[in-house]
Number of protein chains: 2
Amino acid sequence: MTQELFARYSFLLDRTARKVKQYAQQQFKHGDFDVTVDQWLILKNLSENGHLSQTELANLVFKDHPTLTRILDLLCKKGYVERVPHPQDRRSFQLHLTDNGIAKVTELKPKVLEIREKAWENLNETDFEEFKRILNTIYQNLDGQILEE
Amino acid sequence: MTQELFARYSFLLDRTARKVKQYAQQQFKHGDFDVTVDQWLILKNLSENGHLSQTELANLVFKDHPTLTRILDLLCKKGYVERVPHPQDRRSFQLHLTDNGIAKVTELKPKVLEIREKAWENLNETDFEEFKRILNTIYQNLDGQILEE
DNA sequence: TTCATATATTTGTCACACTAACAATTGGTA
DNA sequence: TACCAATTGTTAGTGTGACAAATATATGAA
């Protein structure tokens, strides 16, 4: 029976994802980056895509709306992001980086790449392609599964 | 430069791990399992290893001590686990499942395996071995990295 | 014995994920 | 025009993760 064997994937996946985040967060803290790993993800995506709404950004980074609201609250408080009222739709905001935010992204970008590289010691590009393929397959297998009863 | 490319792994890893957890938690809820995914991990490990201390259990499931304390608080409140004072060492407890806890594990075990299987559609055992190898390599690359300065 | 050190667990704080409920606004339709 | 369903974003509640610090007990050396 391979069922028992396969079931271990969730444990290993969770354990590794936590370790990756924990390692990066330690390095962030050690280098006084002044942002968390998740906050960095938001800053980076805002720097690569100008003037998104929160919904657009949420879809881009695969975070839900309440989580994004709170991360943005913190980034606004730190002065890296601003919520600009949307000219046509008064329900929504256009998000953009402040000058401080832009400077922060410029400063951190190379440092983050260096931190991320550590995980791939002893692994090559073929491994990466395999890894990507399997992760995406799992994601798609579970995505959009409607529950009915 | 492959640096940028590689850096995407953390995003995909995090995204997939969250999806896996979210999917399982939905199914748990839908089936009225009365436990969360993390609580299930604890129950399962307690059923496979009798009379662990919290420290031993924490090492087994790779959760830190405060997190484990809180999960156990909930499981005790639900009546699935008991903390029995260690006969020799008054600092520690021996954990064991109550009768309800044992029944819960028996009830849920096949259901959880079925839920877990969903992720591996379109993937085979070779994929699983590759996946395991890469995850474990990443974990080891980042584990035990001491920070100094 | 006494003190320093180590170990087991708990508590507090902050951040994030998910659900549910809510307010405000928009846009289609009767 | 007057509804009403859908959309955008927020808030509250619960669970979990990481980290630091506190508490209690144990152990070993002086």
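Every heavy atom of this structure was used, including side-chain atoms; hydrogens, water molecules and symmetry mates were not. Chain letters run A, B, ... following the sequence lines, proteins first, then strands; residues in each count from 1.
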Residues at least two apart in sequence or cross-chain that pass salt bridge (Lys or Arg N to Asp or Glu O under 4.0 Å) with B:Arg18, listed by chain then number, are B:Asp14
Hits for salt bridge (Lys or Arg N to Asp or Glu O under 4.0 Å) against A:Glu56, two or more places apart or cross-chain, chain-then-number order -> none
> Reckon B:Lys21 has a side-chain N or O less than 4.0 Å from the OP1 or OP2 of C:dA17?
Replying inline: no
* Asked: Any side-chain N or O of A:Lys63 less than 4.0 Å from the OP1 or OP2 oxygen of C:dA15?
  -> no
Give A:Asp64 one of three labels, base, sugar-phosphate or nothing, depending on what nucleic acid heavy atoms sit under 4.0 Å from its own. base
With sequence neighbours left out, the residues meeting side-chain contact (heavy atoms from CB on, under 4.5 Å) with A:Lys29 are none
Do A:Lys118 and A:Gln27 meet the criterion of a side-chain donor-acceptor pair at a distance under 3.5 Å? no
Taken in chain and number order and not counting sequence neighbours, the residues that satisfy ring pair (Phe, Tyr, Trp, His ring centres under 6.0 Å) with A:His51 are A:His96
Under a 4.0 Å heavy-atom criterion, DNA chain D is touched by chain B from D:dG15 to D:dA26
Check your understanding: For A:Tyr80, does its backbone N or O pair with a side-chain atom of A:Asn100 as donor and acceptor, under 3.5 Å?
Key -> no
Residues passing the side-chain contact (heavy atoms from CB on, under 4.5 Å) test with A:Lys44, sequence neighbours excluded, are A:Trp40, A:Glu48
Across all chains, not counting sequence neighbours, the salt bridge (Lys or Arg N to Asp or Glu O under 4.0 Å) partners of A:Asp127 are B:Arg133
Open item on the list: OP1 or OP2 of C:dC16 versus the side-chain N and O atoms of A:Gln39: is any pair under 4.0 Å?
Closed with: yes
When rounded to whole Å, the CZ to P distance for the pair A:Arg90 and C:dA23 reads 18 Å
A:Leu41 CG to C:dC16 C1', in whole Å, measures 12 Å
Rounding to the nearest 10°, end axes of the helix from C:dT1-D:dA30 to C:dA30-D:dT1 built from five pairs each make an angle of 10°
Residues at least two apart in sequence or cross-chain that pass side-chain contact (heavy atoms from CB on, under 4.5 Å) with B:His65, listed by chain then number, are B:Thr55, B:Ala58
Hits for salt bridge (Lys or Arg N to Asp or Glu O under 4.0 Å) against A:Arg83, two or more places apart or cross-chain, chain-then-number order -> A:Asp73
Nucleotide by nucleotide, nucleotides 6-14 of chain C touches protein heavy atoms under 4.0 Å in the pattern (B base, S sugar-phosphate only, - none) BBSBBBBB-
To the nearest angstrom, the CD-C1' distance between A:Gln22 and C:dA15 comes to 14 Å
Rounded to whole Å, NE2 of A:His86 lies from P of C:dT26 at a distance of 11 Å
Applying side-chain contact (heavy atoms from CB on, under 4.5 Å) to B:Phe11 and not counting sequence neighbours gives A:Leu41, A:Phe62, B:Arg8, B:Arg15
